[in-house]
Amino acid sequence: MTRAIRAAIVALGVLSACGGGGRARPAAQAPRTGPRAARDPVNPKAAKEFEGAMRAMRVGGPEAQDTAKARLRSAAELDPSLWEAWHDLGVIAYKDGDDDAAVDAFGKALRLKQGHVPSLLARAEANRRGGRRKDARADYEAALKLTEEDDPNRKDAAARLASLLRDAGEFDDAVEVLRDTVRVSGANAKIYTELGLIYVAQKRLDLAQLVLAKAVELDAKDPAIYNAFAVLALRQGKAQEAFERFDQAVSLDPSYIDARFNKAAVLLDAGDYARAKTELATIVEKRPDDYAAGVALGVAQRGLKDFPEAKKTWDRVIREAPRRSTPRADALFNAAILALDYMNDPAGGKVALERYLQEAPVSHAKRQAAEEKRKELGK
């Protein structure tokens with residue numbers, strides 16, 4: 001969840017690998033609203049605007065999102081009961097990296113469509129990414145209460161809530177959420193995978209081994225399980241086994257990017273920039289919009305002293321990533337430090353540093369370091 005593992009200046013954290021959903025993009029993947037349930041007829045003008053927004057998103061293009069946003073807002077104004085417009089505005093805001101706007105839009109959808117589980121889960125992810133852990137927890141818990149025992153959303157919500165609690169070190173609460181889910185909804189590989197990661201975080205490695213083996217019994221083809229086994233192997237000091245597990249995850253599902261990213265993070269941490277570059281270049285090729293991987297690729301290129309390529313990589317992230325997103329801020333900071341400390345370009349570095357300070361979110365992890373760097377430069 002998303003929950004991507006950063007490397008070097010991107011705040012490397014190898015053992016934060018995900019259960020419950022991987023590097024999370026749930027709001028962006030929230031089910032788009034389809035045929036409307038029976039209710040009062042929609043204002044025809046609002047319906048036309050809504051359909052125009054959906055058409056813009058289907059067709060795509062550089063102006064698609066702006067067009068969709070404008071038409072969705074128009075639809076919501078023309079028909080105040082059109083909760084779908086607010087939900088989709090939330091999806092777009094989340095994809096843009098604007099968590100505050102996403103939370104606001106999903107909140108408006110929920111006021112019109114109370115108890116809509118996809119909107120609750122999407123708002124939970126926006127709250128989570130925006131650092132509002134208590135609000136995210138409340139949304140996950142509300143979604144759990146609203147889902148039926150056999151609803152797939154229930155197990156997803158439980159796993160995501162447990163991973164949130166794991167990240168916060170609230171292990172007992174996380175385990176209780178998962179146990180309740182198994183008791184009510186039955187065993188599930190995703191639940192056992194998350195439980196295994198909780199035990200890894202607690203350094204209860206034998207228990208982690210047992211529950212991950214149980215996950216394999218339930219679904220031997222789920223790559224997330226082998227990604228979790230790799231995290232366990234790293235905790236046990238078995239680096240080669242960890243790499244084999246990462247590769248096993250990828251062999252099961254070449255589109256499962258988390259394992260490649262985690263493997264690359266281990267290699268970056270070890271200073272093996274060439275192998276890290278290979279893994280990260282594969283991710284970026286398969287998924288160009290994985291901007292966190294793009295930032296990490298730049299770190300690998302910088303480690304190989306290929307400074308022009310690192311700059312080119314980070315410039316692409318700055319140009320293409322959502323304006324308020326963490327990867328874009330990471331790239332802005334890295335580009336400034338590259339110019340100042342590696343490429344002997346003080347003028348260009350000062351401009352890049354000022355751009356970071358003007359455009360990066362105030363809460364970004366490197367803001368204080370950037371302000372201290374500006375002082376060093378005599379600003």
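Residue numbers count from 1 along this sequence.
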Option from Glu148, Glu149, Arg154 for which side chain to side chain donor-acceptor pair (under 3.5 Å) with Ser185 holds: Arg154
Indicate yes or no: at least one non-hydrogen side-chain atom of Ser163 is less than 4.5 angstrom from one of Arg128. yes
The single option from Arg133, Lys134, Arg132, Arg123 passing salt bridge (Lys or Arg N to Asp or Glu O under 4.0 Å) against Asp139: Arg123
Output side-chain donor-acceptor pairs under 3.5 Å for residues 239-250, partner residues at least two apart or in another chain, one line each.
from, atom 1, to, atom 2, distance (Å)
Arg245, NH1, Gln248, OE1, 3.3
Asp247, OD1, Lys263, NZ, 2.9
Asp247, OD2, Lys263, NZ, 3.4

Arg260 (side chain) donor-acceptor with Leu280 (main chain) under 3.5 angstrom: no
Among Leu195, Leu207, Leu232, Val231, find the one that has a side chain to side chain contact (heavy atoms under 4.5 Å, CB included) with Leu212. Leu232
Applying ring pair (Phe, Tyr, Trp, His ring centres under 6.0 Å) to Tyr356 and not counting sequence neighbours gives Phe333, His364
Answer yes or no: is there a side-chain heavy-atom contact under 4.5 Å between Lys312 and Gln301? no
Non-neighbouring partners of Asp104 that pass side chain to side chain donor-acceptor pair (under 3.5 Å), sequence neighbours left out: Lys108
Side-chain donor/acceptor of Arg367 to backbone N/O of Ala360, under 3.5 Å: yes
Exactly one of Asp99, Asp100, Asp167 clears salt bridge (Lys or Arg N to Asp or Glu O under 4.0 Å) with Arg129, and that residue is Asp99
Between the side chain of Arg328 and the main-chain N/O of Ile318, is any donor-acceptor distance below 3.5 Å? yes
